[in-house]
Amino acid sequence: MNTPSHFAGAPRGLRSDWCGDLRIDDVGRTVSVTGWVARRREHGEHLAFVDLRDRSGIIQCVVDGAHEVRTEYVLRITGTVRERPDGTRNTELETGAVEIVDCDVEVLNTAEPLPFPIDDRRDVDETLRLRHRYVDLRRARLQRNLVGRARINAAIRGAMDRQGFVEVETPMLIASTPEGARDFVVPSRLSPGSFYALPQSPQLFKQLAMVGGVDRYYQIARCMRDEDLRADRQFEFSQLDLEASFVGQAEILDFVTEAVSDAVATISGDRPVTFETMTWYDAQERFGSDKPDVRFGVELTELTEVFASTDFNAFKAPCVKGIRVPGGAELTRNRLDALTDRAKKLGAKGLVWAKVDGPTAITSPIAKFLTDREVADTVEMLGAESGDLILIVADDRPMVRRVLGALRLDLGRPGVGDGGLRFVWVTEFPLFEGLDESGNPIPAHHPFTMPHPDDIGLLDATGDELTSIRSQAYDLVLNGWELGSGSVRIHRRDTQQRIFGLLGIGADEAQEKFGFLLDAFRFGAPPHAGFAFGIDRLTALLLGEENIREVIAYPKTQSGADPLTGAPSPIEAGQLTELGLRVVVPQPR
RNA sequence: GGUCCCGUGGUGAAGCCUGGAGUUCACGCCGCCCUGUCAAGGCGGAGGUCGCGAGUUCAAAUCUCGUCGGGACCGCCA
């Protein structure tokens with residue numbers, strides 16, 4: 001990657017050059033640069049250094065007196081580029097071999113002292129940052145992130161265009177659909193009492209586009225979901241949304257891999273990148289998660305057979321698994337107790353820990369309940385050595401996976417910028433993730449997902465057997481973050497009706513909720529499949545950020561507020577009247 | 001809906017556990033000095049309702065309860 005200014009375009013207007021562009025080749029030129037005063041160093045009445053900053057970087061200007069200039073003033077400086085005298089070069093600066101001398105300084109605007117420093121060395125209160133986001137945006141970190149995000153978007157658009165995808169915009173004001181997350185709703189003025197919903201994703205529209213013969217659709221789509229915020233979740237987010245006809249899972253994975261690879265290359269060509277494929281079952285068995293972080297080991301090891309006929313009551317369970325924590329024998333009793341608490345909070349009945357002293361010797365509160373054979377087999381299966389810690393959970397299979405999967409992350413997960421970029425395609429997700437109160441299966445992805453061809457016969461099953469049906473749904477995972485998901489869609493009415501039947505959705509209800517899609521499918525829907533992944537999360541990971549707020553220009557706080565604009569805010573009575581709305585504030589109980 | 005952490009001059013922290021005068025550190029700000037600095041340096045100065053409200057106490061930044069704001073997480077996120 002070149003200097004940041006490489007992306008800044010030709011200098012126009014008040015500037016002849018970007019600050020960060022000036023090099024030894026420019027010596028002797030008369031230039032005009034514009035920007036903000038990053039720093040000012042006065043050395044008496046007739047010598048001062050002004051570091052001028054713009055998006056591209058910083059250039060040092062030598063000024064005859066700078067007493068009228070303050071930090072963050074907006075200046076235009078015209079002068080001559082000169083090689084810096086011997087011994088005064090600054091290797092920390094891209095422009096450190098040169099400086100601008102004989103400066104004419106124009107103050108384009110003054111500035112009050114900022115509410116917090118532009119320096120990145122200090123963490124500033126989140127509210128302050130967001131209230132003065134325009135100040136925050138001047139800081140190198142967000143400048144870098146905004147440019148990085150723009151480059152990623154451009155790379156993705158390039159890759160999709162090259163692969164023959166057509167960018168199609170879909171509406172923001174749509175009908176609310178009952179499935180999925182909570183909708184943001186917008187009241188209708190022309191139909192008082194009725195509401196639009198903001199899209200959670202363009203799901204239905206992209207499938208309609210397939211019926212419409214678009215064949216390969218994509219969009220960098222804005223999506224809204226009214227669910228509680230997290231480090232990796234905002235109300236509003238951006239997805240690369242795509243759908244293609246007459247192709248299956250393999251082609252979709254290729255299309256997305258191409259786009260993601262280009263995005264990665266534009267940011268961090270030097271970081272090791274791998275894509276691997278793993279079934280959902282293997283991910284759960286080995287990593288206790290459907291979004292495995294494969295940058296480190298500590299995989300789950302099956303121990304059920306070892307304790308098949310154990311006398312230790314706690315291990316008489318449908319599933320026993322363990323993990324090995326290398327060097328973990330050093331953990332204090334306090335730390336081990338904390339791990340046990342954590343396991344219980346996650347739903348386990350308990351957590352068994354054992355410090356490994358040798359191939360057949362462990363130190364553990366429950367050592368006396370185990371046979372020598374059980375101890376030896378456990379140590380061997382886990383490949384544990386002296387000084388390691390073994391953690392074992394026994395319960396039903398989903399619980400064991402869940403608890404050990406979480407402990408594994410607690411104990412071994414590398415930092416966000418470490419361990420390279422390990423992409424994993426997780427395939428063969430279950431069609432249903434469980435049963436609801438009435439015994440109907442709950443779709444794991446969405447109700448238009450095609451079952452796995454080998455499992456079609458199981459659609460006649462009932463109850464818990466249904467949850468073993470695999471689907472043609474797949475996720476893309478990067479370093480343990482779920483980037484996105486997709487599936488091969490059902491394109492035939494008979495199959496769709498069968499699934500609706502299983503879900504307990506009757507013909508009338510299906511027609512009411514998804515009628516327009518079912519109608520469309522009567523008029524020649526091609527086989528199709530698609531995917532969507534979160535641009536915010538991908539960008540954050542590529543830029544080494546742990547929170548997607550850092551790659552969003554104007555994000556919201558965890559409580560969904562925007563300290564900059566004051567949103568959300570009450571509206572005028574007249575607006576309510578026009579919309580036929582009356583506000584009833586919930587009474588505190 | 002729940003759990004945990006944080007809130008101290010403009011910024012970031014320490015002080016809180018173990019109550020005793022708004023105490024400290026760094027940065028910034030203002031003034032003066034300074035002709036090769038680059039996180040410049042030297043001297044001096046200003047600046048705080050310790051988020052807010054109750055309670056305990058002779059006495060609260062410090063202990064208790066509540067509340068507001070921020071953050072992390074669980075639930076939630078087809």
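Everything numeric in this text was worked out from a predicted model, so none of it was measured. Throughout, a chain's letter reflects where its sequence line sits, starting with A, and its residues are numbered from 1.
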With a distance cut-off below 6.0 Å to the six-membered ring centre and an angular limit of 45° from the axis, does A:Arg401 pair with A:Tyr281 as a cation-pi contact?
yes
Return no unless some side-chain N or O of A:Arg549 is found under 4.0 Å from OP1 or OP2 of B:G71.
yes
With distance as the sole criterion, do the side chain of A:Glu42 and the base of B:U37 form a donor-acceptor contact below 3.5 Å?
no
Just to be sure I understand the rule, does A:Ile58 reach a base, reach only the sugar-phosphate, or reach nothing, if contact means heavy atoms closer than 4.0 Å?
nothing
Checking base pairs now: Watson-Crick or wobble, both atom distances under 3.5 Å. What partners B:A72?
B:U3
Assess the residue pair A:Thr565 and A:Asp562 against the criterion (side chain to side chain donor-acceptor pair (under 3.5 Å)); give the C-alpha distance rounded to whole Å, side-chain angles, the decisive distance to 0.1 Å, and a yes or no.
CA-CA 6 Å; A:Thr565 63; A:Asp562 177 6; 2.9 Å; yes
Side chain of A:Val124 only, heavy atoms from C-beta on: which candidate in B:U11, B:C77, B:G36 is closest?
B:U11
Atom pair distance, as rounded to whole Å: CZ in A:Phe116 and C1' in B:C29
17 Å
Within the structure shown, what part of the strands sits under 4.0 Å from A:Ala48 by heavy-atom distance: base, sugar-phosphate, or nothing?
nothing
Under 4.0 Å between any heavy atoms, over every strand shown, what does A:Gln200 touch: base, sugar-phosphate, or nothing? Just pick one.
nothing
What is the distance, rounded to the nearest whole Å, between atom CH2 of A:Trp481 and atom P of B:C77?
20 Å
Does B:C52 have a Watson-Crick or wobble partner in any strand here, with both distances under 3.5 angstrom, and which is it?
B:G66
Examine distances only and state if a side-chain atom of A:Asp395 and a backbone atom of A:Ala348 form a donor-acceptor pair shorter than 3.5 Å.
no
I'd like to know if A:Asn547 reaches the base of B:G71 with its side chain such that a donor and an acceptor end up less than 3.5 angstrom apart.
no
Just name whichever nucleotide pairs with B:U35, Watson-Crick or G-U, keeping both distances under 3.5 Å, else none.
none
Looking at the base of B:G36, is there any donor atom on it, or on the side chain of A:Arg82, that sits under 3.5 Å from an acceptor on the other one?
yes
With heavy atoms under 4.0 Å as the rule, sort A:Arg182 into base, sugar-phosphate or nothing.
nothing
The side chain of A:Thr127 is closest to which nucleotide in this list: B:G75, B:G70, B:C38?
B:G70
Rounded to the Å, how far apart are A:Met224 CE and B:C76 P?
24 Å
Base B:U11 paired with A:Arg129 side chain (donor-acceptor, <3.5 Å):
no
Checking B:G70, B:C34, B:C29 against the side chain of A:Thr71 (C-beta onward), the nearest is B:C29
Taking for A:Glu99 and for A:Ala561 the nucleotide of RNA chain B with the nearest heavy atom, the one nearer the 5' end belongs to A:Glu99
Whom does B:G12 pair with, Watson-Crick or G-U wobble, provided both distances fall under 3.5 Å?
B:C25
Does B:C38 have OP1 or OP2 sitting under 4.0 Å from an N or O in the side chain of A:His43?
no
Using the side chain to side chain donor-acceptor pair (under 3.5 Å) rule, take A:Glu99 and A:Gln60 through it: C-alpha gap first, then chi angles, then the decisive distance, then the call.
CA-CA 5 Å; A:Glu99 61 192 3; A:Gln60 171 170 288; 3.1 Å; yes
Regarding A:Gln203, tell me which of base, sugar-phosphate or nothing describes its non-hydrogen contacts under 4.0 Å with the strands shown.
base
Given 3.5 Å as the limit, does a donor-acceptor pair link the side chain of A:Gln143 with the main chain of A:Leu137, or not?
yes
For A:Asp123, answer base if it contacts any base atom (sugar-phosphate contacts may also be present), sugar-phosphate if it contacts only those atoms, and nothing otherwise; contact means non-hydrogen atoms under 4.0 Å.
sugar-phosphate
Using the salt bridge (Lys or Arg N to Asp or Glu O under 4.0 Å) rule, take A:Asp475 and A:Lys291 through it: C-alpha gap first, then chi angles, then the decisive distance, then the call.
CA-CA 8 Å; A:Asp475 272 14; A:Lys291 43 179 180 178; over 6 Å; no
More 5' along RNA chain B: A:Gly44 or A:Pro113, using each one's nearest nucleotide?
A:Pro113
How is A:Asn90 classified with respect to the nucleic acid when contacts are heavy atoms under 4.0 Å: base, sugar-phosphate, or nothing?
base
Separation of B:C34 P from A:Asp64 CG (nearest whole Å)
14 Å
Under 4.0 Å, counting only non-hydrogen atoms across every strand here, what does A:His132 touch: a base, just sugar-phosphate, or nothing?
nothing
With respect to the phosphate group of B:G69, does any side-chain polar atom (N or O) of A:Ser559 fall under 4.0 Å of OP1 or OP2?
no
Among the nucleotides B:C27, B:C77, B:U37, which one has an atom lying closest to any side-chain atom of A:Arg41?
B:U37
When you check the phosphate oxygens OP1 and OP2 of B:U37, does a side-chain N or O of A:Thr88 lie under 4.0 Å from one of them?
no
Hey, does A:Arg139 reach any base, or is it just sugar-phosphate, or nothing, if we go heavy atoms under 4.0 Å?
nothing
What is the nucleic acid contact for A:Thr449, judged by heavy atoms within less than 4.0 Å: base, sugar-phosphate only, or nothing?
nothing
Think A:Gln558 has a side-chain N or O under 4.0 angstrom from the OP1 or OP2 of B:A72?
yes
Need one value for A:Arg70: base, sugar-phosphate or nothing, where a base atom within 4.0 Å counts as base even if backbone is also close, heavy atoms only.
sugar-phosphate
How would you label the contact of A:Gln60 with the nucleic acid (heavy atoms, under 4.0 Å): base, sugar-phosphate, or nothing?
base
For side chain to side chain donor-acceptor pair (under 3.5 Å), just list the numbers for A:Thr170 and A:Gln219, CA-CA rounded to whole Å, side-chain angles, deciding distance to a tenth of an Å, and then say yes or no.
CA-CA 9 Å; A:Thr170 51; A:Gln219 181 181 192; 3.1 Å; yes
